[in-house]
Amino acid sequence: MGSEAEECGTVREGGRVEEKGTVFFQTRVKEERGIPVVELEGEVDLSTSPQFKETVYRLIDSGKRDIILDLDGLDFMDSTGLGVLVAVLKRTSMEGGRIRLVCSKRSIMKVFSITGLDKVFPIYDNLQRCMDDRACGPQG
């Protein structure tokens, strides 16, 4: 367990930490070639999905339209996390932007496959492939 401040959700390493009982979730935002990359770690569920949504919406509100979500640090994502992804996709699409996902974990990919969202989102098995794909670069 982290310190008491970390458990209450203070900023650490450029992200937010949230621990409620046994649920751990953290977001970190970095930039790669001018594109924000949101790294998610832990579990996205009913208790942590508002934090996830807030992090991405804050980027969109600041003018970012092309965003990469790196899901490789996730151990679990439920339907509320998928709902956040769809909401974020709708919002960025309405503003001419794009969402790309990085995910190589079979357990998380299975959720996308079962729901058909693997056909909706471009999903890359690593960040480098995403960055190397011209479709993932900044729109011009």
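Position 1 is the first residue of the sequence, and the numbers go up from there.
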| message | Between Val38 and Thr55, is the side-chain contact (heavy atoms from CB on, under 4.5 Å) condition met? List the steps. | response | CA-CA 8 Å; Val38 180; Thr55 299; 4.2 Å; yes
For residues 112-119, dump all side-chain donor-acceptor pairs below 3.5 Å to protein atoms at least two apart in sequence or in another chain.
unit_1, atom_1, unit_2, atom_2, d
Thr115, OG1, Val111, O, 2.9
Thr115, OG1, Phe112, O, 3.2
Thr115, OG1, Leu117, N, 3.4

| note | Closest non-hydrogen contact found for Gly81 with Ser49 is N-CB, 4.5 Å
| request: For Lys105 and Asp75, run side-chain contact (heavy atoms from CB on, under 4.5 Å): C-alpha distance rounded to whole Å, both residues' side-chain angles, the deciding distance at 0.1 Å, then the answer. | output: CA-CA 9 Å; Lys105 284 196 172 176; Asp75 298 315; 3.3 Å; yes
| Any cation-pi pair here, Arg100 with Tyr124, using under 6.0 Å and within 45°? | no
| request: Check whether any side-chain heavy atom of Val37 sits under 4.5 Å from a side-chain heavy atom of Glu32, and report yes or no. | output: yes
| query | For the atom pair CD1 (Ile60) and CE (Met94), what is the distance rounded to the nearest 0.5 Å? | reply | 9.0 Å
| Inter-residue atom distance Thr48.OG1 - Gln26.CD, 0.5 Å rounding | 12.0 Å
| task | Evaluate the side-chain proximity of Asp70 to Leu40: yes if any heavy-atom separation is below 4.5 Å, no if none is. | result | no
| task | Taking the side chain as every heavy atom from C-beta outward, state whether Met131 and Leu127 have any pair of such atoms under 4.5 Å apart. | result | yes
| field | Distance-minimising heavy-atom pair for Leu85 and Phe121 | value | O-CZ, 3.5 Å
| So, Ser47 side chain and Val23 main chain: donor-acceptor pair closer than 3.5 Å or not? | no
| Taking a hydrophobic cluster as the set of Ile, Leu, Val, Met, Phe, Trp and Tyr residues connected by side-chain heavy atoms closer than 4.5 Å, whether directly or through intermediates, do Leu74 and Phe76 fall within one such cluster? | no
| Interatomic spacing from CZ in Phe25 to CD in Glu41 - rounded to 0.5 Å | 9.5 Å
| task | Report the C-alpha distance between Arg129 and Asp125 in whole Å, list the side-chain angles of each, state the deciding distance to 0.1 Å, and finish with yes or no for salt bridge (Lys or Arg N to Asp or Glu O under 4.0 Å). | result | CA-CA 7 Å; Arg129 281 186 205 214; Asp125 62 356; 3.3 Å; yes
| Would Lys90 and Glu95 pass as an ion pair if we require N to O under 4.0 Å? | no
| message | Run the side-chain contact (heavy atoms from CB on, under 4.5 Å) test on Gln128 and Asp132 for me, step by step, so that the C-alpha distance in whole Å, both residues' side-chain angles and the decisive distance to 0.1 Å come before the verdict. | response | CA-CA 6 Å; Gln128 189 60 49; Asp132 289 345; 2.9 Å; yes
| Taking the side chain from Asp72 and the backbone from Ser104, do they hold a donor-acceptor pair closer than 3.5 Å? | yes
| Side chains of Glu39 and Thr27: closer than 4.5 Å at any heavy-atom pair? | no
| field | Salt-bridge present (Arg33, Asp66; N to O < 4.0 Å) | value | no
| task | Decide whether Val120 and Leu101 are clustered together by the hydrophobic rule: side chain heavy atoms of Ile, Leu, Val, Met, Phe, Trp, Tyr closer than 4.5 Å, transitively. | result | yes
| query | Would a 4.5 Å heavy-atom cut-off, applied to side chains only, mark Arg91 and Tyr57 as touching? | reply | yes
| task | Check whether any side-chain heavy atom of Val84 lies under 4.5 Å from a side-chain heavy atom of Met77, and answer yes or no. | result | no
| Side-chain contact, heavy-atom cut-off 4.5 Å: Ile99 with Leu69? | yes
